[in-house]
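Predicted model only: the values in this text are computed from it and were never measured.
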Amino acid sequence: MNLRLFSAIGIMALTFAACGDKTPAASATPALSLTGTWKLAYSKMIKNGDTTSTFPVAGREMIKLFNGSHFAFFQHDLSKGTDTSNAVYSSGAGTYVLSGDKYEEHLQYCSYRGWEDKHFSFTLTLHNDTLIQRGIEKIDSLQINHEIIEAYIRLR
């Protein structure tokens, strides 16, 4: 009798396991969660095989914010514009779509007006609280065509 009961429990357990959730998320990389505030740690630009570090810049910081459908970024000088030789403020915002590690931005607003209404495709990777964004920025009208690699640290 105990053998029959044990066998029945084993068969039921296998049945439930076979009927369980078959979504690949259980074995694949977890979905990226962008929602929150991120601070730019470093940025590089690759153009014609040459790599240039574009951030950090002494006396500046850059923040990027995400909600479920929109992003915004701003960069400013830490001297609050009082040092006119280093005063800077730039910003932009728009919508995004994230599918797996494929990230598409539509930059709707930008203090560099030639960048407005442009689409960019990137690949994202998340390592703990570090987000790496990599892709091509290409705007023919501005003769811009380079790859960027940006690393952000999650603040919230």
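For the pair L34/L98, a side-chain contact is recorded, criterion being any heavy-atom separation below 4.5 Å from C-beta on. At a threshold of 4.5 Å between non-hydrogen side-chain atoms, the residues Y112 and S90 count as touching. Looking at I63 and L155, their side chains come closer than 4.5 Å, going by heavy atoms from C-beta outward. With contacts defined as side-chain heavy-atom distances shorter than 4.5 Å, the pair L142/I144 qualifies. K44 places none of its side-chain heavy atoms less than 4.5 Å from the side chain of T52. Counting heavy atoms from C-beta outward, Q133 and K64 have side chains that approach closer than 4.5 Å. Within the 4.5 Å cutoff, the side chain of F73 has heavy atoms near those of the M62 side chain. Side-chain atoms of K39 and Y152, non-hydrogen and from C-beta on, never get closer than 4.5 Å to each other.
Of all heavy-atom pairs spanning A87 and G81, the tightest one is CB-CA, 3.8 Å. Taking both residues in full, the closest heavy atoms of F120 and E137 are given as CD2-CA, 3.9 Å, listed atom of the first, atom of the second, then distance. Considering all non-hydrogen atoms of both residues, G114 and I139 come closest at O-CG2, 4.2 Å.
L124 and I153 are assigned to two separate hydrophobic clusters, defined by single-linkage of ILVMFWY side chains at heavy-atom distances under 4.5 Å.
In this structure, T125 OG1 and H127 NE2 are separated by 4.0 Å, a value rounded to the nearest 0.5 Å. Interatomic distance, CZ of F71 versus OG1 of T35, reported as 14.0 Å (0.5 Å rounding). S53 contributes atom OG, which lies 10.0 Å from atom OH of Y42 (distance to the nearest 0.5 angstrom). From D117, atom CG reaches atom SG of C110 across 12.0 Å, with rounding to the nearest 0.5 Å. In this structure, the separation between CG on N86 and OG on S79 is 6.5 Å, given to the nearest 0.5 Å. Here CD1 of I149 is found 7.0 Å from OG1 of T51. Values are rounded to the nearest 0.5 Å.
Residues that satisfy the side-chain contact (heavy atoms from CB on, under 4.5 Å) test with R60, not counting sequence neighbours, are F55, V57, Q75, V88.
Side-chain polar atoms of H146 and N48 form no donor-acceptor pair below 3.5 angstrom. Inspection of the T130 and N128 side chains reveals no N or O donor paired with an N or O acceptor under 3.5 Å. Under the 3.5 Å distance criterion, with hydrogens and angles disregarded, a donor-acceptor pair is assigned to the side chains of S43 and T54. E61 and H76 are linked by a side-chain donor-acceptor pair at a separation below 3.5 angstrom, with hydrogens and angles left out of the test.
Panel note: side chain Y96, backbone N67; a donor-acceptor pair is recorded below 3.5 Å. Distance alone, capped at 3.5 Å, places no donor-acceptor pair between the T123 side chain and the D101 backbone.
E104 has no carboxylate O lying under 4.0 Å from a charged side-chain N of K118, or vice versa, which leaves the two without a salt bridge.
Pairs passing the salt bridge (charged side-chain N to carboxylate O under 4.0 Å, His left out) check and including a residue from residues 139-156, sequence neighbours excluded, read D129-R154, R134-E147, K138-D140.
Taking the six-membered ring for Trp and the full ring otherwise, W115 and Y109 have centroids separated by 6.0 Å or more.
Relative ring orientation between F66 and W38 is described as perpendicular, the plane-to-plane angle rising above 60° on a 0-90° scale split at 30° and 60°.
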